[in-house]
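Here is the structure we will look at.
No experiment lies behind these values; they were computed from the predicted model shown.
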2 protein chains.
Amino acid sequence: MTLSEEDYIKAIYHLGKGEKTLVSTNAIAEQMSTKPSSVTDMVKKLSEKGLVNYRRYKGVSLSEIGNKTALSIVRKHRLWEVFLVEKLDFAWDEVHEVAEQLEHIKSDALIDKLDAHLGFPRVDPHGDPIPSKEGEFKKVIKKLLSEVDIKTEGICVGVKDSSAPFLKFLDRNKIAIRDAIKVLDKEEFDGSLDIEINGRKVHISNQIASNLYLEIKEVE
Amino acid sequence: MTLSEEDYIKAIYHLGKGEKTLVSTNAIAEQMSTKPSSVTDMVKKLSEKGLVNYRRYKGVSLSEIGNKTALSIVRKHRLWEVFLVEKLDFAWDEVHEVAEQLEHIKSDALIDKLDAHLGFPRVDPHGDPIPSKEGEFKKVIKKLLSEVDIKTEGICVGVKDSSAPFLKFLDRNKIAIRDAIKVLDKEEFDGSLDIEINGRKVHISNQIASNLYLEIKEVE
DNA sequence: TAATATTTTTAGATGAATCTAAAAATATGT
DNA sequence: ACATATTTTTAGATTCATCTAAAAATATTA
Ligand SMILES: [Mn+2]
Ligand SMILES: [Mn+2]
Ligand SMILES: [Mn+2]
Ligand SMILES: [Mn+2]
């Protein structure tokens, strides 16, 4: 597989939200910053190789093999992100671009040894799960902070927007993955929230809340 | 710069032995397992970019910029090799192929942080020096073990042949970089040697001796 | 030096990944 | 439903890195 094919497979995977949903040519083109005509060409090639199911004018979805392939690339991407943050001291908003390159290095031994070196992490610095070698990972049941009820308690497990500006905002405001969060109050008018984060009370806008994922505490 | 351009620059660097020697088209083709006609094409392009000096039918040499570029790629290659051996527990004969890919990752921050993470090593697992960020490294004054006089003492600082079979042979025979070596006796007929290595006496063939570099102890 | 051998370059082709412009299919709105 | 808008595909071109085959330059050797 070429680097380009891998990036397309990954884009289709992400646009399909991990399921094998039908994805449109235009959506792929936008995601990859290319032209729809280029996407059509590539999608035909991937279809011939059996990595995607493609019906013209209808859309494209990952095949079984395509899905496995996507998971292996995602695994590499996220393991490298952990490495960059944990071992090389990168900030979590700086790792994406480099991981985008490192994910294409071809060596099974390398990724196995990297995994071991990192202590077999199960989530990346942005809270996203790392698929196992066999392509499995447990789906975290998470909700957007903006959509949970008052009094809900949970743990911050991920971000929806993982752009540098948003991640930097979180750093400045000392909001991090694995922080305990409790919703204290909700303003109906603008959807802003009063929350308690690691014991500290803060007020956050709806825009922030709708980009933070919470794993809700099991309340029996 | 493309990956391919980088590999050509590095090949020219190695064939020119680090000096800016004239290198032939055929030599490059052999080194890179390509055809001479492909080399001519690439060399023209590199020449237009100012990375090499090229006169047709005469040969090619690195320009000042080309040399800097080569050193930066060699630096990356060797730092990654150290990482693979020191941190990921690869054997020294397994790292080359992966480093060949990793050397092309584009990120200055990455290589600086990797360097720091490794404790600013100055040699790679094969004893080869790692150029500084500025492209400088001290040339180790080294001689082939097969060419030193009897009674010479020194430290094993490198291998000429860095193929897996030779490196595995050294492992099996417990000969490693930085081992202290003393030449005890030399057989005129076949050039084989009796040496003392870390206090242990061993007999080695001329073929082995002519692939090991020794840094000679300063004897005042 | 002149014939021969080797090296190097040129000419022309291929496959990958991309683009623009135009055509075809599908979707939307009144 | 039909005119219009949007999406998707096709056709044809470009750039990069490679190849084969043939021509040109250089080196060897008798
Ligand atoms: Mn990528
Ligand atoms: Mn991530
Ligand atoms: Mn390389
Ligand atoms: Mn090396």
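- Nearest to the side chain of A/Ser38, among C/dT8, C/dT18, D/dC19, sits C/dT18.
- You won't find any donor-acceptor pair under 3.5 Å spanning the side chain of B/Thr40 and the base of C/dT10, going by distance alone.
- For the pair A/Lys106 and B/Glu97, the salt-bridge criterion is not met [side-chain N within less than 4.0 Å of a carboxylate O].
- Considering only side-chain atoms of B/Arg56, the nucleotide from D/dT9, C/dT10, D/dT8 that sits closest is C/dT10.
- Mapping A/Met32 and B/Val39 onto DNA chain C by nearest heavy atom places B/Val39 at the nucleotide closer to the 5' end.
- Side chains of B/Trp92 and B/Asp171 form a contact here, defined as non-hydrogen atoms less than 4.5 Å apart.
- Counting to the nearest Å, the P atom of D/dT15 and the CD atom of B/Glu5 are 15 Å from each other.
- Distances were taken from every side-chain heavy atom of B/Asp41 (C-beta onward) to each of D/dC19, C/dA16, D/dT8; the shortest belongs to D/dC19.
- With respect to the salt-bridge test (charged N to carboxylate O, under 4.0 angstrom), the residues A/Arg75 and A/Asp115 qualify.
- We find that NZ of B/Lys35 is positioned 21 Å from P of C/dA11, with the value rounded to whole Å.
- In this structure, A/Leu3 places its CG atom 14 Å from C1' of C/dT18, rounding to the nearest Å.
- A sub-4.0 Å separation between OP1 or OP2 of D/dT6 and a side-chain N or O of A/Asn26 is absent.
- The phosphate of D/dT9 (OP1 or OP2) has a side-chain N or O of A/Tyr54 nearer than 4.0 angstrom.
- Between the NZ atom of B/Lys44 and the P atom of C/dA11 there is a distance of 8 Å, rounded to whole Å.
- Ionic pairing of B/Lys139 and B/Glu19 is present here: one or more N-O contacts between side-chain nitrogen and carboxylate oxygen are shorter than 4.0 angstrom.
- Looking at heavy atoms from C-beta onward, A/Val23 lies in side-chain contact with A/Val60 at the 4.5 angstrom threshold.
- In this structure, the NZ atom of B/Lys58 is 12 Å from the P atom of C/dT8, given to the nearest Å.
- Between B/Ser4 and D/dC16 there is no side-chain N or O to OP1 or OP2 distance below 4.0 Å.
- When each of D/dC19, C/dT8, C/dT20 is scored by its nearest atom to the side-chain atoms of B/Ser24, the top-ranked nucleotide is C/dT8.
- When distances run from any side-chain atom of B/Tyr57 to the nucleotides C/dT9, D/dT8, D/dT18, the shortest one goes to C/dT9.
- Counting to the nearest Å, the P atom of D/dC16 and the CE atom of B/Met1 are 13 Å from each other.
- Between the CE atom of A/Met42 and the C1' atom of C/dG15 there is a distance of 12 Å, given to the nearest Å.
- Protein atom CZ of A/Arg55 is 12 Å distant from nucleotide atom P of D/dT9, rounded to whole Å.
- Between A/Thr25 and D/dT9 there is a side-chain N or O to OP1 or OP2 distance below 4.0 Å.
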